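Read the structure below first, then the notes.
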Amino acid sequence: MNPDRRRFLGCLGAAALPAEAYEFPALLRGDLAAFADRVVARHGLDEARVRELLLGARFLPAVLRSMAAPGTARPWKVFRPGYVNRQRIDGGVSFWRDSEPLLARTREVFGVPEELVVAILGVETVYGRSTGGHRVLDALVTLGFEGQNRPAYFQSELEEFLLLARDGVIDPVTARGSYAGAMGWPQFMPSSLRRLGFDLDGDGHVDLWGSPADIVGSVANYFRQHGWRPGEDVVLRASVADPKEAEGLVSLGIKPVAGRRDLEVRGVITERPLRGDEQGALLIFEADTGPEYWVALDNFYVITRYNRSQNYALAVWQLAQAIAMQWRSRSI
């Protein structure tokens, strides 16, 4: 272990003094000290408290390992069975049954279908069963100051986390979440909790752990704020005449930019033609039987605002469809 790393670990593991007896430690690492200075100056936070929290954080190598090999990067044929399965379908139907009036109200208020809200909770935490075991403070400090994957983003999320603490939304010492710092049943990052968390039960604060109303309301608000289009399709099955000819469309990514004519000239046929100014993105998935093509529409792109992975978005939608099918056939 190099001397800088040893000093860093020593600083982050040091015991914090009570606020009233606090003296600024000389060994707070330079970039952490600079971060503390910035957020204190920007938001008027208590300097002693901010430094105390940073000193109490721990570096978590497991977080860096998880970030380097995210589960969403697996091939579709491996990824899908872990999320579109009997446990999550049955769990979703049970959650819908227990929360039917609440989910119906959420659809009326936000325009987001019940099955999508339920599927997000199923994919993210299996309906609250697995909300994450890492201290959020530790995860965000690790990713923001030792990680190689978007450190500026995670420093920004750490700043948002400190603001949540200031506002009394979370306890910064005990709050736990995913290896990326996502929290609660819907796994909101701190910035999403601050900006998109919705107090649907009207008790004056957003609770993503214990309030079913706030949980489903926050998920639905997330989608509404990112442009969900009620009643519109999400994704269309597609066939490709010549995979080589279609490569150019696949390379454009997940944002819908191709119109009907763009698809047709490349030999892409969808289960229904695109309408008017409707646009799509041609995506390819590695299925058991070979390449599988889908044309993702605007609502699919909205789902990727929750998680950028196309695997994630398709799994959410397929789980939603499976849950809805079982829900609607329950009394037949």
Side-chain angles (χ1 to χ4, degrees), residues 71-72 79-132 177-178 182-188 192-193 196-203 206-235 296-307 309 311-332:
T72 53
F79 180 84
R80 183 184 187 277
Y83 294 93
V84 187
N85 55 40
R86 181 50 51 192
Q87 177 192 24
R88 294 180 200 252
I89 295 169
D90 290 345
V93 172
S94 295
F95 180 83
W96 195 337
R97 182 183 61 244
D98 295 341
S99 309
E100 184 175 5
L102 178 59
L103 287 165
R105 177 187 170 201
T106 302
R107 173 175 43 78
E108 292 168 2
V109 171
F110 298 98
V112 179
E114 293 96 329
E115 59 266 31
L116 178 57
V117 174
V118 175
I120 284 289
L121 300 178
V123 167
E124 289 291 346
T125 59
V126 198
Y127 314 104
R129 295 179 192 174
S130 179
T131 58
S178 75
M183 297 177 286
W185 282 42
Q187 293 289 274
F188 272 21
S192 295
L193 177 50
L196 300 173
F198 199 90
D199 178 24
L200 192 61
D201 64 15
D203 68 353
V206 178
D207 178 3
L208 298 186
W209 287 266
S211 169
D214 291 358
I215 290 166
V216 302
S218 295
V219 172
N221 187 50
Y222 192 104
F223 283 112
R224 180 176 68 174
Q225 296 299 326
H226 281 84
W228 180 264
R229 301 183 179 189
E232 294 193 8
D233 287 327
V234 173
V235 65
L297 306 176
D298 285 314
N299 277 343
F300 187 94
Y301 184 72
V302 172
I303 297 175
T304 67
R305 300 308 84 198
Y306 210 100
N307 184 300
S309 163
N311 280 350
Y312 175 93
L314 189 58
V316 165
W317 188 241
Q318 290 190 357
L319 177 61
Q321 296 299 96
I323 291 169
M325 182 179 297
Q326 184 163 317
W327 171 258
R328 289 166 187 144
S329 66
R330 70 196 186 284
S331 59
I332 297 177

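It should be emphasised that the depicted structure is a prediction, and the values quoted were computed from it without experimental measurement.
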Under 6.0 Å from the ring centre and within 45 degrees of the ring axis: does the NZ or CZ of R129 meet both conditions for the six-membered ring of Y127?
no

If you measure from [atom1] on [X] to [atom2] on [Y], what distance do you get to the nearest 0.5 Å?
X: Q187; Y: S192; atom1: CD; atom2: OG; answer: 11.5 Å
X: D90; Y: N85; atom1: CG; atom2: CG; answer: 9.0 Å
X: Q326; Y: E115; atom1: CD; atom2: CD; answer: 13.5 Å
X: T131; Y: E124; atom1: OG1; atom2: CD; answer: 11.5 Å
X: L121; Y: L319; atom1: CG; atom2: CG; answer: 10.5 Å
X: E232; Y: L297; atom1: CD; atom2: CG; answer: 8.5 Å

Given side chains that start at C-beta, do those of [X] and [Y] come closer than 4.5 Å, heavy atoms only?
X: V126; Y: Q87; answer: yes
X: H226; Y: L196; answer: yes
X: L102; Y: L200; answer: yes
X: P113; Y: W228; answer: yes
X: E114; Y: F95; answer: no
X: F198; Y: V206; answer: no
X: L116; Y: I303; answer: yes
X: N299; Y: D233; answer: no

For this session: Show your reasoning for whether side chain to side chain contact (heavy atoms under 4.5 Å, CB included) applies to L314 and F300.
Result: CA-CA 8 Å; L314 189 58; F300 187 94; 4.1 Å; yes

Can you tell me if [X] uses its side chain to pair, donor with acceptor, with the backbone of [Y] under 3.5 Å?
X: R224; Y: F110; answer: no
X: S218; Y: G197; answer: no
X: R88; Y: G82; answer: yes
X: D298; Y: V302; answer: no
X: D214; Y: D207; answer: yes

Taking all non-hydrogen atoms of both residues, which atom of [X] and which atom of [Y] are closest, and how far apart?
X: T304; Y: A313; answer: CG2-CB, 3.7 Å
X: I89; Y: A322; answer: CD1-CB, 3.7 Å
X: V123; Y: Y312; answer: CG1-CE1, 3.6 Å

Applying ring pair (Phe, Tyr, Trp, His ring centres under 6.0 Å) to Y83 and not counting sequence neighbours gives F79

Notebook entry, point to check: Residues in ring pair (Phe, Tyr, Trp, His ring centres under 6.0 Å) with W96, at least two apart?
Noted result: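 Residues passing ring pair (Phe, Tyr, Trp, His ring centres under 6.0 Å) with W96: W327.
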
(Q) Restricting to side-chain hydrogen bond (donor to acceptor under 3.5 Å, both in side chains), what partner residues turn up for Q225, sequence neighbours left out? (A)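 In terms of side-chain hydrogen bond (donor to acceptor under 3.5 Å, both in side chains), with neighbours along the sequence ignored, Q225 is linked to N221.
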
Note to self: Ring centroids only, cut at 6.0 angstrom: are Y222 and Y306 within range, meaning strictly under it?
What the structure shows: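 Centroid distance Y222-Y306: below 6.0 Å, so yes.
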
